[in-house]
Amino acid sequence: MYDANKIIIGLAISAALLGFPVWYSYAVVPEDGDKDGNPDYQPQPVLPDGGEGCIESVEFMRSQHMHLLNEWRDSVVRDGDRDYVAKKDGKTWDRSLSRTCMSCHTNRMQFCNECHSYLAVEPDCWNCHVAPEKALEAGKPPQGQPVVKDRTADRPPQEGRRAPRQGDRRFAPDGVRHLGKGRK
Amino acid sequence: MEKDRRAFLKIAGVSLVGAGSTVPLLSALTRARASGDEPAAHPEVRWGMVIDTKKCLRKEGCTACSASCHWAHNVPTMPEPKRHEVKWIWKEQYEHAFTEQHHGFTNEALAGQPVTVLCNHCERPPCVRVCPTQATFKRMSDGIVAMDQHRCIGCRYCMAACPYGARSFNWSDPRPVLEASRSLRDDFPARSKGVVEKCNFCAERLAKGERPLCVEACHANGGRALAFGNLYDESSEMAKLLKRSHTIRRKPSLGTQPHVFYIV
């Protein structure tokens, strides 16, 4: 073979370059687990201490929380129905991500994102909804804001008739079902 | 063909009875069809608002309603208001708000004056008709024209359809603006880039039995120009005002039947 040295060196360089994805993943990134190479790594969402536990059982929340939140979203926005009765113990909760869920799970980075980043899912809840820590930074209304006195405590807001609520006969939820029928 | 008197009388009698019974039969039929189609005479709850422009103008430069509304609903004050303005309740020049009333000889008290305007929560909302995803819809229970931001795809058909300019598009993410002005609240969602938004008649407050915040703010500031209530509740502040005063609505010829009334 003529110029064997040059050819062998060239082949070695080519093999090294072509094999880059293979050897790089072995050399730098651990095969499994977290960035520190711990293969047994499991996401550790920070749970609130004490308290009475979540609105539903842990197993239910683990597997179904996304469906629960979607149902909450639809019933509040489309039907105006804000009361959720827990399957676990029949307790009634406000169907609200920020007021109910986040009142215990206050840190979304340590709770939501812990699993979501591990599984590379990106729900877009927080594009609009405001996680508590963000609001804490923003704080109080800006200067010069009009003082809104809440006078609802001492007298009914709508004279003569209270606001419709879930359970009222006429407060039949509306929205999607009616809309499908077209205009009259 | 020969007919005797007897046969002629028989046919005449049957025809008479037949012709006579068609009218009640037909009317009964049409009634039956109509009752299957038509809703009850009127719904029980239709939220509405009366805006007294005289009282409103007495408080010159007052922005209590819009400031409190925008603060409570995470509505940003965008840096380029001409292009990117987002608004739920605002002031519009009289001639622009009431284009059909304007005739060049408007009285001095009103000509060129700012009038408080917001979404009219129409009985027949054109924005709802055009929305391809039903992101905007009319709540049958109380007539509020609401938005489901989760469904909005930002096509802006509703903005083209709304004759009152009551809808705003988020050309950019409002979050940085809200954070910069330190007015971001966590008890009401903000919006993302690329969705349309508008007044929701404080549906979240109505659910708790409270009046809309603009009305509360106006009363707390001593303006008392805004009144809110159920149009079909005889005893409400609203119904009394409507009975007592002459009120007009914006662009009535379009047939949208706004639920916001004006005393001018």
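Remember, predicted model here, so these are calculated numbers, not experimental data. Throughout, protein chains are lettered first and strands after them, A, B, ... in sequence-line order, and every chain is numbered starting at 1.
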Item to check | K193(B) atom NZ, neighbour heavy-atom count above 12 within 6.0 Å | outcome: no

Item to check | Nearest-0.5 Å distance that lies between atom CE in M140(B) and atom CG in D79(A) | outcome: 12.0 Å

Checklist outcome for this item: Most heavy-atom pairs under 4.5 Å with chain A, out of I144(B), V195(B), N74(B), D148(B), belong to D148(B)

Checklist entry - By a 4.5 Å heavy-atom criterion (distance strictly below it), what part of E204(B) contacts chain A: side chain, backbone, both, or neither? => result both

Item to check | Neighbour count >12 (heavy atoms, 6.0 Å) for atom CD, Q64(A) | outcome: yes

Checklist entry - Is any side-chain heavy atom of R78(A) less than 4.5 Å from a side-chain heavy atom of R139(B)? => result no

Item to check | Nearest atoms (heavy-atom pairs only) where C128(A) meets S192(B) | outcome: SG-N, 3.2 Å

Item to check | Atom pair CG/NZ of D94(A) and K208(B) - distance to nearest 0.5 Å | outcome: 9.0 Å

Checklist entry - Can you check whether A207(B)'s main-chain N or O pairs, donor with acceptor, with R82(A)'s side chain at less than 3.5 Å? => result no

Checklist entry - Which residues satisfy the side-chain hydrogen bond (donor to acceptor under 3.5 Å, both in side chains) test with E197(B), sequence neighbours excluded? => result W88(B), N170(B), R191(B)

Checklist entry - Which region of A227(B), side chain (C-beta onward) or backbone (N, CA, C, O), has a non-hydrogen atom less than 4.5 Å from a non-hydrogen atom of chain A, or is it both or neither? => result neither

Item to check | R99(A)/D187(B) under salt bridge (Lys or Arg N to Asp or Glu O under 4.0 Å): CA gap, chis, key distance, verdict | outcome: CA-CA 7 Å; R99(A) 285 193 300 274; D187(B) 54 358; over 6 Å; no

Item to check | Closest contact, heavy atoms only, A131(A) versus D186(B) | outcome: O-CB, 4.5 Å

Checklist entry - Where do V130(A) and R185(B) come nearest, in terms of heavy atoms and distance? => result CG2-O, 3.3 Å

Checklist entry - What do you reckon, is NZ of K6(A) surrounded by more than 12 foreign heavy atoms closer than 6.0 Å? => result no

Next on the checklist: Holding to side chain to side chain contact (heavy atoms under 4.5 Å, CB included), I want the full list of residues that pass it with R156(B), two or more places apart in sequence or in another chain.
Outcome noted: M159(B), F169(B), W171(B), V196(B)

Checklist outcome for this item: Applying a strict 4.5 Å limit to non-hydrogen atoms, the region of N200(B) in contact with chain A is neither

